[in-house]
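The figures that follow rest on heavy atoms only: side chains count, while hydrogens, waters and symmetry mates do not. Chain naming here is simple, since letters A, B, ... match the order of the sequence lines and numbering starts at 1 in each.
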Protein chains: 2
Amino acid sequence: MATSITVHDVAKAAGVSASTVSRALSGNTAVAAETRDRVVEAARQLGYRPNLAARGLITGTTHNIGLVVPDLENPYFASITKSVQSRALAAGYSVFIADSDEDIRTELELVHQLSKQVDGLILCSPRMAASDIAAVAGQTMMVLINREWEGLTSVVVDDAEIIRLALEHLHALGHRHIAYVGGPEKSWSNQKRWAAIERIAPTFDDLEVGKVGSYAPNFDGGQSAADVVVASGATAALAYNDLVGLGILARLTTRGIRVPEDLSVMGIDDVNVATLVSPGLTTVRSPLKKVGRSAVNSLVDLMNPTDRHSAPEDLPVQLVVRQSTSVPQQHS
Amino acid sequence: MATSITVHDVAKAAGVSASTVSRALSGNTAVAAETRDRVVEAARQLGYRPNLAARGLITGTTHNIGLVVPDLENPYFASITKSVQSRALAAGYSVFIADSDEDIRTELELVHQLSKQVDGLILCSPRMAASDIAAVAGQTMMVLINREWEGLTSVVVDDAEIIRLALEHLHALGHRHIAYVGGPEKSWSNQKRWAAIERIAPTFDDLEVGKVGSYAPNFDGGQSAADVVVASGATAALAYNDLVGLGILARLTTRGIRVPEDLSVMGIDDVNVATLVSPGLTTVRSPLKKVGRSAVNSLVDLMNPTDRHSAPEDLPVQLVVRQSTSVPQQHS
DNA sequence: TTGTAGGCGTTATCAA
DNA sequence: TTGATAACGCCTACAA
């Protein structure tokens with residue numbers, strides 16, 4: 001803060017009025033070339049930077065956006081956050097970050113705290129109730145990631161295609177009994193993924209997919225689930241996401257159960273850490289970078305209704321085969 | 001934005017003036033209890049939220065802070081970011097996030113972009129030149145993480161103690177030839193860590209610590225380094241950080257070199273992913289959560305000079321022994 | 001205890 | 001093309 005320099009300082013230095021400085025620098029209105037040069041030079045010398053808050057007060061546009069995520073330490077959200085902020089920067093926006101720590105009340109509070117100082121909000125995998133989303137949607141422009149709501153713009157990965165690729169891969173290897181290790185009941189993605197399984201599994205010959213409980217969407221959740229998976233008699237586990245997959249992997253290793261010889265394990269998303277372990281985790285890649293970028297693009301379109309809307313980006317998912325899956329062992 | 005409700009709307013609804021509304025809600029000045037209740041009720045009904053940008057314009061305080069990090073996808077920075085935003089929320093601040101993507105120019109640009117809309121800035125492991133830090137420091141309140149500069153508040157983990165714990169552990173196991181796998185030359189932490197090694201290693205009997213090149217501070221860097229480490233003849237590798245350690249681990253596994261039987265590997269920091277692999281990575285834990293929290297506390301102290309300063313938190317590091325280290329094998 | 005007036009830094013409107 | 005003036009939403013003297 002200190003006593004930062006304002007338009008008036010620049011105006012005095014350049015020997016013009018404050019309004020002329022504003023015009024010269026924002027470049028909207030015509031200014032005499034010579035005057036503008038003088039103003040620009042003065043601004044440069046003084047190191048003038050406009051106060052965006054003040055500008056926003058009158059233009060009604062802050063050039064800030066907000067991003068709300070459930071957990072920044074989850075590499076899934078870290079990747080999305082990184083791409084959101086990168087794209088926002090390129091589009092001339094600064095971004096407020098808000099980590100709800102998976103808590104619904106915090107999530108809502110953060111949204112309210114931010115809504116007044118941003119032009120728009122991106123809600124990533126929001127856990128909040130639909131009614132709250134609807135209420136908030138009236139306050140500010142909004143884009144949803146991994147959730148849909150009538151009238152709101154959404155960016156979602158194709159869960160059905162993810163499931164199809166995963167089942168296809170395991171079925172092709174010869175697996176006929178697969179355990180799906182579920183994520184949080186309230187997670188929209190988890191619901192979609194299980195629904196897709198129920199719809200798609202019957203399209204494969206002789207394939208049985210059982211659902212194993214509901215677990216926290218992280219490493220610990222996977223560790224908890226592993227023993228139940230083993231007991232289920234399935235020859236392959238499909239985890240709700242990579243972190244759960246890694247948890248399963250770790251627990252199986254501890255028990256001396258070999259992967260993939262004794263049991264195949266698949267994750268979903270291909271977050272960065274999936275390559276860190278050995279055996280590497282077979283997974284279906286979600287285009288997280290594109291998700292973040294696309295969400296920003298959509299939001300920018302929403303906030304600037306005049307501009308030509310950019311074509312919606314498609315978000316291809318892709319099977320990534322590593323060492324954690326193989327043909328099932330014959331019964332010994 | 002839409003046409004959001006202002007103090008005037010509340011004033012009209014409550015049958016008072018705008019200034020009374022301001023007073024009633026901010027609670028600084030005395031207001032008749034009955035009037036205040038009426039105002040508060042009216043505000044609640046209308047869902048009034050003050051425009052913080054407008055408030056900041058006059059109070060000179062935005063209640064926003066900014067955080068600049070080199071890479072959000074690095075779990076080290078993700079953890080710090082999470083704790084920064086968590087503590088900031090508790091202290092009543094919203095946080096701008098800025099990912100420089102390890103680029104010096106971007107880093108500087110982000111700092112400038114943010115400096116006018118925040119009360120203070122936290123620079124985490126800044127890569128920028130010292131002269132730039134000095135220049136920026138004049139613009140806004142600032143706290144540095146993992147870097148020191150005269151006159152500026154810093155939060156740093158005790159690199160010397162980290163090194164001491166690591167060497168003590170490996171030496172106690174019987175290792176006499178250790179390879180330190182260096183991080184980026186320009187990294188302040190890397191410089192401090194190597195300097196600490198040169199100072200501390202001689203205090204152990206018969207201990208030789210060699211430096212193995214300079215590598216990217218991530219998984220790929222570790223993979224690149226692994227073969228050189230093996231060739232060095234060292235019985236243990238101490239990596240610049242956990243990600244490098246994991247890279248080494250992975251490459252060794254690929255080559256069929258057993259850890260810890262053939263070679264012990266240590267990381268530094270104990271980022272979340274260190275527990276994901278097996279064998280688990282022995283490491284020295286940096287209190288990342290405390291680092292973020294402490295940085296916010298220091299910044300808040302700086303921004304509110306009147307308040308009683310909170311006592312500086314100490315940041316204990318701690319050895320975490322997992323399975324990637326053991327006594328060196330006898331020569332076979 | 002409350003209302004009126006002024007101003008924070010900027011841009012938009014209107015004359016000149 | 002430029003300069004005064006008003007206004008954005010809010011807060012804080014000052015006056016009532």
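No hydrogens or angles were tested; on distance alone, a donor-acceptor pair under 3.5 Å links the side chain of B/Ser19 to the base of C/dT4. No hydrogens or angles were tested; on distance alone, a donor-acceptor pair under 3.5 Å links the side chain of B/Arg23 to the base of C/dG3.
Rounded to whole Å, the distance from CZ on B/Arg55 to C1' on C/dG9 is 18 Å. The interatomic distance linking A/Asp37 (CG) with D/dT1 (C1') rounds to 15 Å, in whole Å. Computed from coordinates, the B/Leu57 CG to D/dA7 P distance equals 17 Å when rounded to whole Å. What separates CD of B/Glu34 from P of C/dT2 is a distance of 8 Å, to the nearest Å. The CG-P distance, from B/Leu25 to D/dT12, rounds to 13 Å in whole Å. Distance CZ (A/Arg36) to C1' (D/dG3): 19 Å, rounded to an integer number of Å. For the pair A/Asn51 CG and C/dG7 P, the computed distance is 18 Å after rounding to whole Å. As a whole-Å value, the separation of A/Ile58 CD1 from D/dG9 P is 10 Å.
Positionally, the nearest nucleotide of DNA chain C for B/Ser17 lies more toward the 5' end than for the other of B/Ala54 and B/Ser17. Comparing B/Ala18 and A/Ala53 along DNA chain C, the residue whose closest nucleotide (by nearest heavy atom) sits nearer the 5' end is B/Ala18.
For the pairing with B/Tyr76, the side-chain hydrogen bond (donor to acceptor under 3.5 Å, both in side chains) check across B/Thr81, B/Asp71, B/Asn146 returns one residue only, B/Asn146.
Here the nucleotide nearest the side chain of A/Thr6, chosen from C/dT2, C/dG3, C/dT10, is C/dT10. Closest contact between the side chain of A/Val7 and the listed nucleotides C/dT10, D/dT2, D/dC10 involves C/dT10.
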Assess the residue pair B/Phe96 and A/Asn64 against the criterion (side-chain contact (heavy atoms from CB on, under 4.5 Å)); give the C-alpha distance rounded to whole Å, side-chain angles, the decisive distance to 0.1 Å, and a yes or no.
CA-CA 9 Å; B/Phe96 279 109; A/Asn64 293 150; 3.7 Å; yes
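Between the side chains of B/Ser187 and B/Asn190, no donor-acceptor pair of N or O atoms lies under 3.5 Å. In this model, a donor atom of one side chain and an acceptor atom of the other lie less than 3.5 Å apart for B/Ser17 and B/Ser19.
Nucleic acid contact for B/Thr35: sugar-phosphate only, since backbone atoms but no base atoms lie under 4.0 Å from a heavy atom of the residue.
Looking at A/Lys82 and B/Asp101, a side-chain N of the basic residue comes within less than 4.0 Å of a carboxylate O on the acidic one, giving a salt bridge. Taking a cutoff of 4.0 Å between a charged side-chain nitrogen and a carboxylate oxygen, A/Glu41 and A/Arg38 do not qualify as a salt bridge. Classification of A/Glu73 and B/Lys289 as a salt-bridged pair holds, one side-chain N sitting under 4.0 Å from a carboxylate O.
Residue A/Thr59 has no polar side-chain atom (N or O) positioned under 4.0 Å from OP1 or OP2 of D/dC8. Checking the phosphate oxygens (OP1, OP2) of C/dT11, a side-chain nitrogen or oxygen of A/Ser22 falls inside 4.0 Å.
Each end of the helix from C/dT1-D/dA16 to C/dA16-D/dT1 gets its own axis, taken as the rotation carrying the C1' atoms of four end pairs onto the next four within a five-pair window, and the two axes meet at 50° to the nearest 10 degrees.
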